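To keep things clear, I will list the structure first and then write my remarks on it.
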Amino acid sequence: FLNQWADEPNFGGIPYGTCSLGDLNCVDKIAVAKIDGAWTSPDTTAVTIDGWITSVDNYIKIYTTPTARHDGKWNTSKYRLQGSNKYHGMLNIYEHFVRVDGLQIRDTTISFTGGGSFAAISSYNLPSGDSDIQISNNFLISNNGSTSNHEYNGGFSGSVNVAQLKMWNNIIVNFWRGIYIYLSSGANYSIYNNTVINSGDMGMSVSLYGANDTLHLKNNLIQGSASNYHFNGTATTADYFNNLSQDATSPNASYRNKTVIFVDAVNNDFHLSSSDTSAKDTGKTILADPDLSFNDDIDGQAREPVWDIGADAL
């Protein structure tokens, strides 16, 4: 299971020799958790990425192979990390250079008695310094987080000292806040082609409290949230393109008050319907984007030549 790979004393099962356990810089390696095979039962122990030493060249990568990967909707024959971890996430990132790709994560919390914070993926209060957190192609869902009255229930929650965040092709469903992020001074965040559904409070909440911060928002799709987009403060540098909202909160005026048709929203299948006219063929092409470039969707399907908004491409 993933926690056995990531936590002390395993640190990825790498032979560290005379180096300290978890010091990827010393052994000059990338730590790779390759999740493979069929999964009839879920992985139910929360995972914490902490105690490592990483860098831009020696990072931690957690990913699923095609055999273990979901197909863009919740799939109980594929890898899934699920449970409830009060005051934390099911996957907690406390290291600077981490990539998470193709996971299913479910927060099973059904009661918020006494308060508390719950998340699918959490990256809070990293030590200061350079960082690069990449979150891609994941399906994140909460059992009933959209009815919570606690602001820290988030699909992805990222806070201070995350210097660089790249987040794309994720589907996030039923959290109090789908994407909940803070930008501190000097931060550079690129949030592209995510689909956020049924957030009880805010689909995307962005707090901009630092100086010289940069925020790139492109091709995001939010539906069914009390407030689709919410911004505290103003980024020093910002570019917002083709972000779609069901209400009037999108930073892009021509993409406000749009309702998207999905294949089977009742059963959490948020692939775009072929009859949709709001998100289909209305995205911005970012294949050559200098901040974050890719050309596939959550299913691995090519997006070219015409881009759709959200995690799925027809």
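Small disclaimer: the values here were computed from a predicted structure and weren't measured.
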For F241, is the NZ or CZ atom of K284 found under 6.0 angstrom from the centre of its six-membered ring and inside 45 degrees of the ring axis?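 Checked: cation-pi criterion met.
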On the six-membered ring of Y63, is R99 placed so that its NZ or CZ lies under 6.0 angstrom from the centre and within 45° of the ring axis?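 The answer is no; the distance or angle limit is not met.
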Are N243 and N219 linked by a side-chain donor-acceptor pair shorter than 3.5 Å?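 Result is no, nothing qualifies.
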Are side-chain N/O atoms of Y16 and D23 paired as donor and acceptor at under 3.5 Å?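 No, no side-chain donor-acceptor pair sits under 3.5 Å.
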Report the C-alpha separation of S55 and N25 in whole Å, then their side-chain angles, then the decisive distance to 0.1 Å, and conclude whether the side-chain hydrogen bond (donor to acceptor under 3.5 Å, both in side chains) test is met. CA-CA 7 Å; S55 66; N25 293 338; 2.7 Å; yes
Test of understanding: clusters of I, L, V, M, F, W, Y form through side-chain heavy atoms closer than 4.5 Å, transitively. Do L103 and F139 belong to the same one?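 Different hydrophobic clusters.
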Identify every side-chain donor-acceptor pair in residues 306-313 under 3.5 Å, counting partners at least two apart or on other chains, and give the distances.
residue : atom : partner : partner atom : Å
W307    : NE1  : E304    : OE2          : 2.4
D308    : OD1  : D281    : N            : 2.5
D308    : OD2  : L314    : N            : 2.8
D312    : OD2  : L272    : N            : 2.8

Could you check D299, T64, N75 and say which one makes a side chain to side chain donor-acceptor pair (under 3.5 Å) with R69?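 Looking at D299, T64, N75, the match for R69 under the side chain to side chain donor-acceptor pair (under 3.5 Å) is T64.
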Only one of N242, N170, D289, N169 passes side chain to side chain donor-acceptor pair (under 3.5 Å) with Y192; say which it is.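 Among N242, N170, D289, N169, the one meeting side chain to side chain donor-acceptor pair (under 3.5 Å) with Y192 is D289.
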Using modelled atom types only, decide if a donor and an acceptor are shared between the side chain of [X] and the backbone of [Y] within a distance under 3.5 Å.
X	Y	value
N194	M167	yes
S225	S199	yes
N10	Q4	yes
N228	Q246	yes
Q223	K258	yes
E95	G51	yes
D276	S273	no

Taking the basic N atoms (NZ, or NE/NH1/NH2) and the acidic carboxylate oxygens, is any pair closer than 4.0 Å for D297 and R303?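 R303 and D297: not salt-bridged.
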Any idea which heavy atoms bring [X] and [Y] closest together, and the distance?
X	Y	answer
W39	D36	NE1-O, 3.1 Å
T48	D7	O-OD1, 2.7 Å
G200	A226	O-CB, 3.1 Å
L292	K166	CD1-CD, 4.2 Å
R177	S205	NH1-OG, 3.7 Å
V27	C19	CG1-SG, 3.7 Å

Set of ring pair (Phe, Tyr, Trp, His ring centres under 6.0 Å) partners for [X], sequence neighbours left out:
X	answer
F262	F270
Y229	none
Y240	F231

If a pair satisfies salt bridge (charged side-chain N to carboxylate O under 4.0 Å, His left out) and one of its residues is in residues 73-85, list it, with sequence neighbours excluded.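 Found D71-K73.
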Before giving the answer on side-chain hydrogen bond (donor to acceptor under 3.5 Å, both in side chains), spell out for N58 and D28 the whole-Å C-alpha distance, their side-chain angles and the decisive distance to 0.1 Å. CA-CA 6 Å; N58 305 120; D28 193 24; 3.1 Å; yes
Checking A31 now: which residues fulfil side chain to side chain contact (heavy atoms under 4.5 Å, CB included) with it, not counting sequence neighbours?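 Listed in chain order: W5, I14, L24, W52, I60.
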For the pair I121 and N92, evaluate side chain to side chain contact (heavy atoms under 4.5 Å, CB included) and give the outcome as yes or no after the intermediate values. CA-CA 6 Å; I121 302 177; N92 302 283; over 6 Å; no
Would you say the side chain of L221 lies within less than 4.5 Å of the side chain of V260, judging by non-hydrogen atoms?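 Yes. Closest side-chain heavy atoms under 4.5 Å.
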Identified side-chain contact (heavy atoms from CB on, under 4.5 Å) counterpart of L215 within the set T236, V206, D239: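 So the option named by the test is V206.
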